[in-house]
Amino acid sequence: MTSPDIHTLTGAYAVDALEEDERQLFELHIRECDACAQEIAEFHATAAAVGDAAHEPPPPSMKAAVLAEIDTVRQERPLPSTVTDLASRRDPWYQRLLAPAAAVLAIAVLGMTAIIANMNGRIATMETQTARVADVVAAADASIIEMPGFEGANARLVYSASRGEGIFLADGLPEAPGEKVYELWFIGEDGASPAGLFDADERGRVTHVLTGDLSQVQAIGVTVEPAGGSAQPTSDPIMVAEV
Amino acid sequence: MASGARSLRSVPDPGGAPPRSEDELLGAVARGDQEAFSELYDRVAGKVYGVIRRVLRDPSQSEEVAQEVLVEVWRTATRFDPDRGSAVTWIMVMAHRRAIDRVRSEQSSRDRDQRVGQREHVRPFDEVAEEVETRFEHQQVRDALDQLTDLQREAVELAYYGGHTYREVAELLDAPLGTVKTRLRDGLIRLRDAMGVHA
């Protein structure tokens with residue numbers, strides 16, 4: 001099984017074909033990877049030229065409506081530097097990672113104050129974890145391993161061999177039933193060992209940093225376990241991916 | 001206010017002056033020049049509306065999103081950085097992304113409403129492909145697309161015009177995810193080279 005390296009996502013990103021969580025992760029990567037940023041700038045220009053071929057006159061009434069509307073809309077303050085610079089230096093990247101799509105948009109629309117206030121609680125507890133997420137995603141050898149879906153969920157593992165770290169990401173995952181939790185497993189020659197417990201948030205999303213040494217791991221599995229987790233899997237895995 | 005902003009321009013524009021480029025117009029818009037905005041509108045509204053309509057298809061929805069995008073151009077012109085690409089690219093990226101946001105948010109509310117429902121909203125690939133084919137007018141783009149392999153072209157068209165995620169593209173084309181990712185990238189590289197595009 002090949003795990004395509006993260007740099008190949010430039011194409012899908014440039015045509016807006018990534019899932020939302022993947023898009024946010026990839027934007028973290030772009031900040032660290034000049035080659036990808038350059039390629040995306042070129043792809044965006046290419047896509048714009050392709051889009052131009054779809055040129056179609058809008059309804060004539062639209063112009064008056066737009067001109068009337070801008071008369072009531074205040075322009076944003078110019079930034080001291082570019083948006084990208086601001087994003088990479090001032091706007092803590094984890095806001096973007098954690099914030100739902102609407103909030104990411106709102107960063108542009110409303111400024112960051114409201115978001116920061118809103119996120120402070122979660123950030124405090126997640127800062128360490130999310131800093132590691134960024135490190136893994138930014139690693140030059142980061143690869144993304146798709147995991148077969150479970151009940152419509154998308155799950156994937158972002159993995160960096162050089163860092164020996166991985167992140168389990170899912171969206172659309174139902175909350176674990178009743179008194180149960182999800183448990184991750186490292187599967188190697190010696191069998192399965194616990195790799196952490198998680199549950200999905202109310203929107204079905206999971207961002208879980210895998211703790212421990214992944215160098216000997218051959219596969220990652222997920223099972224549903226009783227509250228508190230188990231030392232060994234007590235049910236069949238709902239998802240497995242080879243590393 | 002508009003005339004004040006315009007007086008800041010180094011090149012006066014009485015009759016006979018060469019038309020301003022989109023980049024210059026957007027720069028003037030950033031300084032609050034509504035007249036420049038009106039001119040910029042005439043240059044880009046058809047592109048913006050066209051690409052949104054290609055993705056969304058529904059004319060009234062497309063108009064709504066196009067209007068949002070154009071107002072956003074006005075609002076955020078101050079943040080345009082010409083070092084990172086042209087004004088037209090900046091606007092088209094915004095237009096496409098807004099159209100896709102609309103597709104995705106509608107999909108997710110539909111999925112919530114009827115997780116088990118009929119799948120009538122999933123358009124068969126042939127229909128999408130055919131529509132994309134017949135609506136191509138721009139010869140240069142057509143020529144460039146002709147240089148792609150079938151899989152590259154289908155992947156780019158389904159993602160860009162069809163508004164599908166690469167995961168959906170993989171399903172539609174019955175191809176592995178990794179293959180679709182690389183075909184999208186390879187396809188854009190070829191298009192870029194064929195059209196001589198620079199960032």
Side-chain angles (χ1 to χ4, degrees), chain A residues 2-4 7-12 14-20 22 38-59 61-63 65-67 69-71 73-79 81-84 86 101-102 105 108-109 144 146 152 154 172, chain B residues 30 32 34 37-38 41 45-47 49-51 53-54 63 66-67 70-71 74-79 81 84-86 88-89 92-93 95-97 100-101 104 115 135-138 141-142 156 159-161 164-167 169 177-178 181-182 184-188 191-192 195 197-199:
Chain A
T2 58
S3 46
H7 310 284
T8 61
L9 287 179
T10 48
V15 293
D16 297 320
L18 295 181
E19 312 274 339
E20 181 56 30
E22 220 167 7
Q38 172 65 25
E39 191 163 277
I40 284 163
E42 292 164 3
F43 286 174
H44 271 155
T46 305
V50 172
D52 195 12
H55 185 285
E56 184 175 336
S61 59
M62 192 170 97
K63 184 169 183 183
V66 170
L67 294 183
E69 195 173 340
I70 66 158
D71 211 32
V73 172
R74 184 183 159 75
Q75 292 183 293
E76 304 233 324
R77 280 182 304 126
L79 298 172
S81 51
T82 67
V83 176
T84 324
L86 184 88
L105 193 61
V109 176
I144 297 181
E146 302 285 342
N154 293 319
Chain B
Q34 296 196 18
F37 181 82
S38 170
Y41 179 99
K47 302 174 200 282
Y49 178 73
V51 75
R53 170 128 158 71
R54 188 63 77 83
E63 183 180 351
Q67 195 168 324
L70 289 156
V71 171
W74 162 261
R75 199 170 49 73
T76 60
T78 46
R79 308 206 162 182
D81 176 1
R84 300 182 57 234
S86 76
V88 172
T89 295
M92 290 297 273
V93 167
H96 191 260
R97 195 163 285 178
I100 296 294
D101 285 347
R104 304 268 199 275
R115 214 161 247 256
R135 292 187 58 196
F136 262 115
E137 290 152 37
H138 207 292
V141 172
R142 187 192 278 279
V156 170
Y160 190 72
Y161 285 137
H164 294 287
T165 63
Y166 74 86
R167 196 179 301 279
V169 172
L177 280 173
K181 274 185 215 172
T182 52
L184 275 173
R185 176 166 177 266
D186 296 345
L188 284 164
L191 280 174
R192 178 194 68 193
M195 296 195 283
V197 169
H198 305 286

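Quick caveat, the model's predicted, so the values are computed rather than measured. Below, chain A is the first sequence line, B the second, and so on; all start at residue 1.
Put simply, of B/V156, B/L184, B/V88, B/L70, the one with the most heavy-atom pairs under 4.5 Å next to chain A is B/L184. Chain A forms more heavy-atom pairs under 4.5 Å with one residue of B/R104, B/E63, B/R167 than with any other, namely B/R167. Interface summary for chain B: among A/D71, A/V15, A/I70, the most heavy-atom pairs under 4.5 angstrom belong to A/I70. Listed options B/I100, B/V71, B/V169 were ranked by heavy-atom pairs under 4.5 angstrom with chain A; first place goes to B/V71. By number of non-hydrogen pairs under 4.5 angstrom with chain B, the leading residue of A/R74, A/M62, A/E69 is A/M62. Interface check for chain B: of the options A/A14, A/P57, A/A47, the most heavy-atom pairs under 4.5 Å are formed by A/A47.
Atom CD of residue A/Q38 and atom CZ of residue B/R84 lie 11.0 Å apart, to the nearest 0.5 angstrom. Between A/H7 atom NE2 and A/E39 atom CD the span is 10.5 Å, to the nearest 0.5 Å. Separating the CZ atom in B/R54 from the OH atom in B/Y161 is a distance of 5.0 Å, to the nearest 0.5 Å.
Between the side chain of B/S38 and the backbone N or O of B/Q34, no donor-acceptor pair lies under 3.5 Å. A distance-only check finds no donor-acceptor pair linking the side chain of B/W74 to the backbone of B/F37 [under 3.5 Å]. A donor-acceptor pair is defined here as one N or O able to donate and one able to accept, closer than 3.5 Å; no such pair exists between the side chain of A/T8 and the backbone of B/K181. Judged purely by atom type and a 3.5 angstrom limit, B/S86 uses its side chain to pair as donor or acceptor with the backbone of B/T89.
The parts of B/Y166 that come within reach of chain A are both its backbone and its side chain, each placing non-hydrogen atoms under 4.5 angstrom from that chain. In this structure, chain B has a heavy atom under 4.5 Å from the side chain of A/L9, while its backbone stays farther away. Only the side chain of B/L177 comes within less than 4.5 Å of a heavy atom of chain A; its backbone N, CA, C and O stay farther away. For B/A95, no part lies under 4.5 angstrom from a heavy atom of chain A. For B/L191, the parts lying under 4.5 angstrom from a heavy atom of chain A are both the backbone and the side chain.
Partners of B/H96 under the ring-ring contact (aromatic ring centres under 6.0 Å, His included) rule, at least two apart in sequence or in another chain, are B/Y160.
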